[in-house]
Amino acid sequence: MSTVILAIESSCDDTSAAILKDGEILSNCVANQEAHREYGGVVPEVASRAHQAKIIPVVNLAIKKAGISLDEISAVAFTRGPGLIGSLLVGVSFAKGFALSRNLPMIEVNHMQAHVLAHFIDTPRPVFPFLCLTVSGGHTQIVLVKDHLDMEVIGTTIDDAAGEAFDKTGKIMGLGYPAGPIIDKNAKLGQPIFKFTEPKVKDLDFSFSGLKTSILYFLKKEIKTNPNFITENMNDLCASVQARIVSILMNKIKKAAQQTGINQVAIAGGVSANSGLRNALRQAGEELGWTTFIPQFQYCTDNAAMIAITAFYKYQNELFVGQEVAPVARYAL
Ligand code: KG4
Ligand code: ZN
(Lines give C-alpha, C1' and ligand atoms only; values in the text may rest on other atoms or scores of the structure.)
(Ligands and ions follow the chains in the order given, each with its own letter.)
Protein backbone atom coordinates (compact mmCIF):
# COMPACT_ATOMS: atom_id res chain seq x y z
CA MET A 1 0.00 0.00 0.00
CA SER A 2 1.19 3.54 -0.73
CA THR A 3 2.26 5.98 1.96
CA VAL A 4 0.58 9.37 1.51
CA ILE A 5 1.48 12.16 3.92
CA LEU A 6 -0.26 15.50 4.37
CA ALA A 7 2.31 17.94 5.83
CA ILE A 8 1.69 21.35 7.40
CA GLU A 9 4.24 24.13 8.00
CA SER A 10 3.22 27.20 10.03
CA SER A 11 6.27 28.12 12.14
CA CYS A 12 6.63 31.76 11.11
CA ASP A 13 4.85 33.81 8.44
CA ASP A 14 4.30 31.29 5.62
CA THR A 15 1.31 28.95 5.67
CA SER A 16 2.18 25.84 3.70
CA ALA A 17 0.74 22.39 2.97
CA ALA A 18 2.26 19.57 0.91
CA ILE A 19 1.31 16.07 -0.19
CA LEU A 20 3.97 13.37 -0.46
CA LYS A 21 3.34 9.91 -1.93
CA ASP A 22 5.94 7.16 -1.43
CA GLY A 23 8.77 9.69 -1.02
CA GLU A 24 7.72 11.89 -3.93
CA ILE A 25 6.30 15.41 -3.53
CA LEU A 26 2.97 15.69 -5.41
CA SER A 27 2.15 19.25 -4.31
CA ASN A 28 3.70 22.02 -2.24
CA CYS A 29 1.52 25.11 -1.69
CA VAL A 30 2.71 28.20 0.18
CA ALA A 31 0.68 31.30 1.13
CA ASN A 32 2.97 34.20 2.05
CA GLN A 33 1.73 36.81 4.50
CA GLU A 34 2.00 40.28 3.02
CA ALA A 35 0.56 41.91 6.15
CA HIS A 36 3.98 42.12 7.87
CA ARG A 37 5.65 44.30 5.27
CA GLU A 38 4.29 47.57 6.64
CA TYR A 39 5.67 46.74 10.11
CA GLY A 40 9.20 45.94 8.90
CA GLY A 41 9.17 42.49 10.50
CA VAL A 42 6.94 39.58 11.47
CA VAL A 43 4.25 40.55 14.01
CA PRO A 44 3.45 37.29 15.89
CA GLU A 45 -0.22 38.10 16.54
CA VAL A 46 -0.80 39.06 12.90
CA ALA A 47 0.99 35.88 11.77
CA SER A 48 -1.14 33.49 13.83
CA ARG A 49 -4.38 35.15 12.69
CA ALA A 50 -3.28 34.92 9.04
CA HIS A 51 -2.40 31.21 9.48
CA GLN A 52 -5.88 30.66 10.90
CA ALA A 53 -7.46 32.26 7.82
CA LYS A 54 -5.21 30.54 5.27
CA ILE A 55 -4.67 27.02 6.54
CA ILE A 56 -7.88 25.44 5.20
CA PRO A 57 -7.62 26.96 1.68
CA VAL A 58 -3.93 26.01 1.47
CA VAL A 59 -4.58 22.41 2.57
CA ASN A 60 -7.51 22.12 0.11
CA LEU A 61 -5.31 23.43 -2.70
CA ALA A 62 -2.48 21.00 -1.87
CA ILE A 63 -4.90 18.05 -1.93
CA LYS A 64 -6.47 19.23 -5.18
CA LYS A 65 -3.12 19.81 -6.91
CA ALA A 66 -1.86 16.39 -5.79
CA GLY A 67 -4.94 14.76 -7.31
CA ILE A 68 -5.48 12.49 -4.32
CA SER A 69 -8.60 11.74 -2.28
CA LEU A 70 -8.80 12.28 1.49
CA ASP A 71 -9.15 8.52 1.95
CA GLU A 72 -5.67 7.92 0.55
CA ILE A 73 -3.92 9.96 3.30
CA SER A 74 -1.96 7.65 5.65
CA ALA A 75 -0.61 10.23 8.14
CA VAL A 76 -0.58 13.93 8.96
CA ALA A 77 2.69 15.73 9.73
CA PHE A 78 3.26 19.19 11.19
CA THR A 79 6.03 21.51 12.36
CA ARG A 80 6.23 21.28 16.14
CA GLY A 81 9.01 23.88 16.52
CA PRO A 82 11.13 25.95 16.63
CA GLY A 83 9.07 28.98 15.72
CA LEU A 84 6.52 31.51 16.91
CA ILE A 85 4.26 29.77 19.40
CA GLY A 86 1.01 31.35 18.11
CA SER A 87 1.90 30.37 14.54
CA LEU A 88 2.89 26.82 15.50
CA LEU A 89 -0.34 26.39 17.50
CA VAL A 90 -2.45 26.88 14.36
CA GLY A 91 -0.63 24.12 12.43
CA VAL A 92 -0.50 21.74 15.39
CA SER A 93 -4.19 22.24 16.20
CA PHE A 94 -5.19 21.73 12.57
CA ALA A 95 -3.15 18.51 12.40
CA LYS A 96 -4.70 17.23 15.63
CA GLY A 97 -8.23 17.90 14.41
CA PHE A 98 -7.55 16.34 11.02
CA ALA A 99 -5.89 13.26 12.53
CA LEU A 100 -8.66 12.80 15.08
CA SER A 101 -11.48 13.11 12.56
CA ARG A 102 -9.89 10.65 10.12
CA ASN A 103 -8.25 8.37 12.69
CA LEU A 104 -4.74 8.94 11.30
CA PRO A 105 -1.32 8.78 12.97
CA MET A 106 0.47 12.12 13.55
CA ILE A 107 4.13 12.90 12.97
CA GLU A 108 5.85 15.90 14.60
CA VAL A 109 8.74 17.53 12.75
CA ASN A 110 11.60 19.79 13.83
CA HIS A 111 11.68 22.71 11.38
CA MET A 112 15.52 22.92 11.32
CA GLN A 113 15.86 19.19 10.65
CA ALA A 114 13.37 19.64 7.81
CA HIS A 115 15.44 22.44 6.23
CA VAL A 116 18.39 19.97 6.08
CA LEU A 117 16.26 17.10 4.73
CA ALA A 118 14.97 19.33 1.91
CA HIS A 119 18.03 17.89 0.14
CA PHE A 120 16.24 14.52 -0.03
CA ILE A 121 13.30 15.83 -2.05
CA ASP A 122 15.25 15.80 -5.32
CA THR A 123 18.30 14.05 -6.68
CA PRO A 124 21.29 14.03 -6.47
CA ARG A 125 21.12 13.46 -2.74
CA PRO A 126 24.01 13.88 -0.30
CA VAL A 127 25.62 10.74 1.11
CA PHE A 128 26.15 10.49 4.89
CA PRO A 129 27.97 12.04 6.62
CA PHE A 130 27.67 15.53 5.16
CA LEU A 131 27.80 19.09 6.44
CA CYS A 132 24.84 21.44 6.10
CA LEU A 133 25.01 25.18 6.63
CA THR A 134 21.43 25.97 7.65
CA VAL A 135 20.81 29.68 7.38
CA SER A 136 17.39 31.22 7.96
CA GLY A 137 15.69 34.19 9.56
CA GLY A 138 15.90 32.63 13.01
CA HIS A 139 18.89 30.28 12.86
CA THR A 140 22.46 29.91 11.62
CA GLN A 141 23.85 26.43 12.15
CA ILE A 142 26.54 24.14 10.85
CA VAL A 143 24.99 20.70 11.10
CA LEU A 144 26.90 17.42 10.95
CA VAL A 145 24.35 15.13 9.32
CA LYS A 146 25.05 11.48 10.18
CA ASP A 147 21.74 10.04 9.01
CA HIS A 148 18.24 11.26 8.07
CA LEU A 149 17.24 11.47 11.70
CA ASP A 150 20.67 11.79 13.35
CA MET A 151 22.12 15.31 13.26
CA GLU A 152 24.49 17.31 15.45
CA VAL A 153 24.86 21.09 15.54
CA ILE A 154 28.61 21.79 15.55
CA GLY A 155 28.43 25.57 15.08
CA THR A 156 25.79 28.22 15.74
CA THR A 157 25.31 31.96 16.04
CA ILE A 158 25.96 33.66 19.37
CA ASP A 159 23.60 36.54 18.51
CA ASP A 160 21.69 37.34 15.29
CA ALA A 161 20.95 34.79 12.55
CA ALA A 162 22.27 35.34 9.00
CA GLY A 163 18.75 36.16 7.74
CA GLU A 164 18.39 38.73 10.53
CA ALA A 165 21.70 40.26 9.47
CA PHE A 166 20.26 40.76 5.98
CA ASP A 167 16.90 42.00 7.26
CA LYS A 168 18.25 44.33 9.97
CA THR A 169 20.95 45.96 7.82
CA GLY A 170 18.35 46.31 5.07
CA LYS A 171 16.04 48.09 7.50
CA ILE A 172 18.86 50.53 8.38
CA MET A 173 19.22 51.24 4.65
CA GLY A 174 15.46 51.85 4.36
CA LEU A 175 14.66 48.61 2.51
CA GLY A 176 11.37 46.76 3.03
CA TYR A 177 10.88 43.45 4.84
CA PRO A 178 12.23 40.89 4.25
CA ALA A 179 15.32 42.73 3.04
CA GLY A 180 17.34 39.60 2.16
CA PRO A 181 15.91 39.14 -1.36
CA ILE A 182 16.09 42.92 -2.04
CA ILE A 183 19.75 43.11 -0.98
CA ASP A 184 20.45 40.09 -3.20
CA LYS A 185 18.82 41.82 -6.20
CA ASN A 186 20.58 45.18 -5.64
CA ALA A 187 23.94 43.51 -4.96
CA LYS A 188 23.96 42.13 -8.51
CA LEU A 189 24.18 45.74 -9.77
CA GLY A 190 26.91 46.87 -7.35
CA GLN A 191 30.47 46.21 -6.18
CA PRO A 192 31.57 45.33 -2.63
CA ILE A 193 33.65 48.52 -2.25
CA PHE A 194 32.80 49.21 1.41
CA LYS A 195 34.73 46.96 3.79
CA PHE A 196 33.04 45.98 7.03
CA THR A 197 35.19 44.08 9.51
CA GLU A 198 34.76 40.35 9.95
CA PRO A 199 34.04 39.42 13.60
CA LYS A 200 36.41 37.11 15.43
CA VAL A 201 34.34 34.33 16.97
CA LYS A 202 35.72 31.11 18.42
CA ASP A 203 35.41 27.61 16.96
CA LEU A 204 32.62 27.15 14.42
CA ASP A 205 30.33 29.80 15.90
CA PHE A 206 29.06 32.95 14.19
CA SER A 207 28.26 36.53 15.18
CA PHE A 208 26.37 39.08 13.11
CA SER A 209 25.36 41.81 15.58
CA GLY A 210 28.69 43.69 15.19
CA LEU A 211 28.15 43.96 11.44
CA LYS A 212 24.79 45.63 11.98
CA THR A 213 26.34 48.15 14.41
CA SER A 214 29.32 48.93 12.18
CA ILE A 215 27.03 49.57 9.20
CA LEU A 216 24.83 51.82 11.34
CA TYR A 217 27.82 53.96 12.49
CA PHE A 218 29.35 54.01 9.01
CA LEU A 219 26.11 55.28 7.47
CA LYS A 220 25.55 57.87 10.22
CA LYS A 221 29.02 59.28 9.56
CA GLU A 222 28.58 59.35 5.77
CA ILE A 223 25.10 60.89 5.94
CA LYS A 224 26.51 63.86 7.90
CA THR A 225 28.47 64.96 4.82
CA ASN A 226 26.07 63.61 2.18
CA PRO A 227 22.40 63.18 3.18
CA ASN A 228 21.80 61.17 -0.02
CA PHE A 229 24.67 58.75 0.65
CA ILE A 230 22.45 55.67 0.99
CA THR A 231 20.37 56.19 -2.15
CA GLU A 232 23.41 57.19 -4.22
CA ASN A 233 25.35 54.11 -3.11
CA MET A 234 22.56 51.60 -2.58
CA ASN A 235 23.80 48.88 -4.95
CA ASP A 236 27.40 49.05 -3.68
CA LEU A 237 26.18 49.07 -0.07
CA CYS A 238 24.06 45.97 -0.73
CA ALA A 239 26.95 44.24 -2.50
CA SER A 240 29.27 45.08 0.44
CA VAL A 241 26.83 43.84 3.10
CA GLN A 242 26.15 40.65 1.17
CA ALA A 243 29.84 40.00 0.53
CA ARG A 244 30.63 40.28 4.25
CA ILE A 245 27.73 38.03 5.37
CA VAL A 246 28.71 35.45 2.74
CA SER A 247 32.41 35.56 3.75
CA ILE A 248 31.51 35.07 7.44
CA LEU A 249 29.43 32.01 6.50
CA MET A 250 31.91 30.56 4.01
CA ASN A 251 34.95 30.92 6.29
CA LYS A 252 33.23 28.89 9.00
CA ILE A 253 31.94 26.15 6.71
CA LYS A 254 35.45 25.83 5.24
CA LYS A 255 36.81 25.49 8.77
CA ALA A 256 34.17 22.84 9.56
CA ALA A 257 35.05 20.85 6.42
CA GLN A 258 38.73 21.00 7.33
CA GLN A 259 38.14 19.94 10.95
CA THR A 260 35.80 17.06 10.13
CA GLY A 261 37.45 15.94 6.89
CA ILE A 262 34.00 15.89 5.25
CA ASN A 263 33.86 17.13 1.67
CA GLN A 264 30.12 16.92 0.97
CA VAL A 265 28.70 20.34 1.79
CA ALA A 266 25.10 21.55 1.57
CA ILE A 267 23.30 24.81 2.27
CA ALA A 268 19.69 25.12 3.41
CA GLY A 269 17.16 27.64 4.78
CA GLY A 270 15.89 30.96 3.47
CA VAL A 271 19.34 32.55 3.10
CA SER A 272 20.46 29.64 0.88
CA ALA A 273 18.34 31.36 -1.79
CA ASN A 274 20.99 34.12 -1.82
CA SER A 275 22.84 34.20 -5.14
CA GLY A 276 26.11 35.38 -3.54
CA LEU A 277 26.10 32.43 -1.12
CA ARG A 278 25.11 29.94 -3.84
CA ASN A 279 27.96 31.15 -6.07
CA ALA A 280 30.47 31.17 -3.20
CA LEU A 281 29.58 27.58 -2.31
CA ARG A 282 29.91 26.43 -5.93
CA GLN A 283 33.28 28.19 -6.20
CA ALA A 284 34.56 26.72 -2.93
CA GLY A 285 33.43 23.30 -4.16
CA GLU A 286 35.49 23.65 -7.32
CA GLU A 287 38.55 24.96 -5.48
CA LEU A 288 38.47 22.51 -2.58
CA GLY A 289 37.13 19.41 -4.30
CA TRP A 290 33.83 19.39 -2.41
CA THR A 291 30.60 17.94 -3.71
CA THR A 292 28.10 20.72 -3.09
CA PHE A 293 24.32 20.62 -2.68
CA ILE A 294 22.14 23.67 -3.28
CA PRO A 295 18.34 23.30 -2.93
CA GLN A 296 15.82 24.50 -5.52
CA PHE A 297 14.53 27.99 -4.61
CA GLN A 298 11.09 26.69 -3.58
CA TYR A 299 12.72 24.42 -0.97
CA CYS A 300 15.05 27.10 0.50
CA THR A 301 12.47 29.30 2.23
CA ASP A 302 9.80 27.84 4.50
CA ASN A 303 7.70 25.15 2.82
CA ALA A 304 5.74 22.03 3.78
CA ALA A 305 7.51 19.76 1.27
CA MET A 306 10.53 19.64 3.60
CA ILE A 307 8.19 18.76 6.50
CA ALA A 308 6.68 15.98 4.36
CA ILE A 309 10.02 14.40 3.42
CA THR A 310 11.17 14.46 7.07
CA ALA A 311 7.87 12.89 8.10
CA PHE A 312 8.37 10.17 5.46
CA TYR A 313 11.55 8.99 7.21
CA LYS A 314 9.80 9.17 10.57
CA TYR A 315 6.83 7.22 9.19
CA GLN A 316 9.14 4.41 8.11
CA ASN A 317 10.40 4.24 11.70
CA GLU A 318 6.86 4.51 13.10
CA LEU A 319 7.77 7.66 15.03
CA PHE A 320 4.22 8.83 15.74
CA VAL A 321 2.89 11.17 18.43
CA GLY A 322 -0.44 11.30 20.29
CA GLN A 323 -3.04 14.01 20.77
CA GLU A 324 -1.20 15.28 23.88
CA VAL A 325 1.61 16.74 21.72
CA ALA A 326 2.18 20.51 22.09
CA PRO A 327 4.21 22.96 19.99
CA VAL A 328 7.56 24.21 21.32
CA ALA A 329 9.00 27.63 20.45
CA ARG A 330 12.58 26.51 21.16
CA TYR A 331 13.24 23.06 19.84
CA ALA A 332 16.82 21.81 19.68
CA LEU A 333 17.86 19.44 16.87
O1 KG4 B 1 13.87 29.79 6.20
P2 KG4 B 1 13.09 31.04 6.11
O3 KG4 B 1 12.09 31.19 4.98
O4 KG4 B 1 12.29 31.33 7.42
C5 KG4 B 1 12.82 31.06 8.69
O6 KG4 B 1 12.76 29.87 9.12
O7 KG4 B 1 13.37 32.01 9.28
O8 KG4 B 1 14.14 32.25 6.03
C9 KG4 B 1 13.75 33.60 5.95
C10 KG4 B 1 15.00 34.46 5.83
C11 KG4 B 1 14.72 35.97 5.90
O12 KG4 B 1 15.60 36.55 6.83
C13 KG4 B 1 15.00 36.44 4.48
O14 KG4 B 1 15.49 37.77 4.40
C15 KG4 B 1 16.07 35.46 4.04
O16 KG4 B 1 15.65 34.22 4.57
N17 KG4 B 1 16.18 35.37 2.58
C18 KG4 B 1 17.26 35.82 1.89
C19 KG4 B 1 16.98 35.59 0.51
N20 KG4 B 1 15.75 35.01 0.41
C21 KG4 B 1 15.27 34.88 1.69
N22 KG4 B 1 18.40 36.37 2.33
C23 KG4 B 1 19.30 36.71 1.40
N24 KG4 B 1 19.12 36.55 0.06
C25 KG4 B 1 17.99 35.99 -0.41
N26 KG4 B 1 17.81 35.82 -1.73
ZN1 ZN C 1 12.81 28.16 8.05
Side-chain angles (χ1 to χ4, degrees), residues 7-16 18 28 30-33 36-37 40-42 44 47 51 78-84 87-88 91 109-119 132-141 143 156-157 160-173 175-188 190 206 208 211-212 238-250 266-281 294-307 309-310 329-331 333:
I8 309 293
E9 155 62 31
S10 72
S11 65
C12 190
D13 60 341
D14 295 309
T15 316
S16 182
N28 178 42
V30 185
N32 305 117
Q33 301 179 1
H36 305 282
R37 287 184 194 275
V42 176
H51 283 305
F78 59 89
T79 305
R80 186 179 177 198
L84 299 170
S87 290
L88 292 165
V109 171
N110 181 307
H111 181 88
M112 298 313 293
Q113 187 171 38
H115 269 304
V116 175
L117 292 181
H119 286 285
C132 188
L133 174 67
T134 314
V135 271
S136 71
H139 294 82
T140 300
Q141 299 176 334
V143 185
T156 190
T157 180
D160 289 346
E164 274 180 298
F166 274 106
D167 296 338
K168 288 181 179 176
T169 51
K171 197 172 180 178
I172 295 170
M173 294 190 284
L175 300 175
Y177 177 85
I182 309 171
I183 291 180
D184 190 354
K185 198 165 151 244
N186 293 343
K188 290 188 180 124
F206 303 88
F208 290 100
L211 177 67
K212 184 185 62 195
C238 287
S240 306
V241 166
Q242 179 169 300
R244 178 49 77 222
I245 295 173
V246 169
S247 83
I248 293 172
L249 295 171
M250 287 307 301
I267 50 173
V271 179
S272 68
N274 183 267
S275 58
L277 181 61
R278 294 165 89 93
N279 290 339
L281 185 74
I294 299 173
Q296 273 187 47
F297 282 111
Q298 62 165 328
Y299 303 135
C300 289
T301 46
D302 290 348
N303 66 88
M306 67 184 195
I307 305 302
I309 194 77
T310 307
R330 288 171 177 271
Y331 192 3
L333 260 185

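Because only heavy atoms are used, hydrogens play no part in the values below, and waters and symmetry mates are left out as well, while side chains stay in. Just so you know, these numbers come straight off a predicted model, no measurement behind them. Remember, it's 1-based here, ligands and their atoms both numbered in the order they're listed.
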Heavy atoms only: give me the nearest N28-A305 pair and the separation to one decimal. OD1-N, 3.1 Å
Closer than 2.8 Å to the Zn ion (ligand 2): does that hold for any N, O or S atom in H139? no
K212 and side-chain hydrogen bond (donor to acceptor under 3.5 Å, both in side chains): which partner among T169, D167, D160? D160
Go through ligand 1 atom by atom and flag the ones less than 4.0 Å from a non-hydrogen atom of G163. 12 (O)
Restricting to N, O or S, what is the name of the atom of D302 that lies nearest the Zn ion (ligand 2)? OD1
Can you sort out which atoms of ligand 1 are near G138, meaning under 4.0 Å from one of its heavy atoms? 7 (O)
In terms of atom number and element, which parts of ligand 1 are under 4.0 angstrom from non-hydrogen atoms of H111? 6 (O)
For the 3.5 Å polar cut-off, considering only N or O atoms, please tell me whether A179 and ligand 1 meet it. no
Can you name the nearest heavy-atom pair linking I307 to A114, along with the distance? CD1-CB, 3.6 Å
Nearest non-hydrogen contact with atom 9 (C) of ligand 1 belongs to which option: G41, G137, P178? G137
Among A161, G270, S272, whose heavy atom sits nearest atom 1 (O) of ligand 1? G270
Proximity to ligand 1 by part of H115, non-hydrogen separation under 4.0 Å: side chain
Metal check, the Zn ion (ligand 2) vs H115 N/O/S, cut-off below 2.8 Å: yes
Check the surroundings of atom NZ in K188: do more than 12 heavy atoms from other residues, nucleotides or ligands lie under 6.0 Å from it? yes
Smallest heavy-atom separation, A268 atom then P295 atom, equals CA-CG, 4.3 Å
Kindly assign one of parallel, tilted or perpendicular to the pair F208 and F206, based on the angle between their ring planes and the thresholds 30° and 60°. parallel
Between CG on residue N32 and OG1 on residue T301, distance to nearest 0.5 Å: 7.5 Å
For ligand 1, note which part of D184 has a heavy atom under 4.0 Å away: side chain, backbone, both or neither. side chain
So which heavy atom on I245 is nearest to which on A165, and how close? CD1-CB, 3.8 Å
Sub-3.5 Å N/O-N/O distance, N274 and ligand 1: yes
Is the closest heavy-atom distance from P181 to ligand 1 below 4.0 Å? yes
Got a donor-acceptor contact below 3.5 angstrom from the N279 side chain to the S275 backbone? yes
Between S11 and S87 the two heavy atoms that sit nearest each other are O-CB, 3.7 Å
Please list, in number order, the atoms of ligand 1 under 4.0 Å from a heavy atom of S136. 1 (O), 5 (C), 6 (O), 7 (O), 8 (O)
Do Q141 and T134 pair up side chain to side chain, a donor and an acceptor below 3.5 Å, judged on atom types alone? no
The atoms of ligand 1 lying under 4.0 Å from a heavy atom of T301, numbered in the order shown, are 3 (O)
Looking at T134, D302, I183, the heavy atom closest to atom 2 (P) of ligand 1 belongs to D302
of all protein heavy atoms, closest to atom 22 (N) of ligand 1 is G180 CA, 3.4 Å
So which bit of D167 gets within less than 4.0 Å of ligand 1, heavy atoms only: side chain, backbone, both or neither? side chain
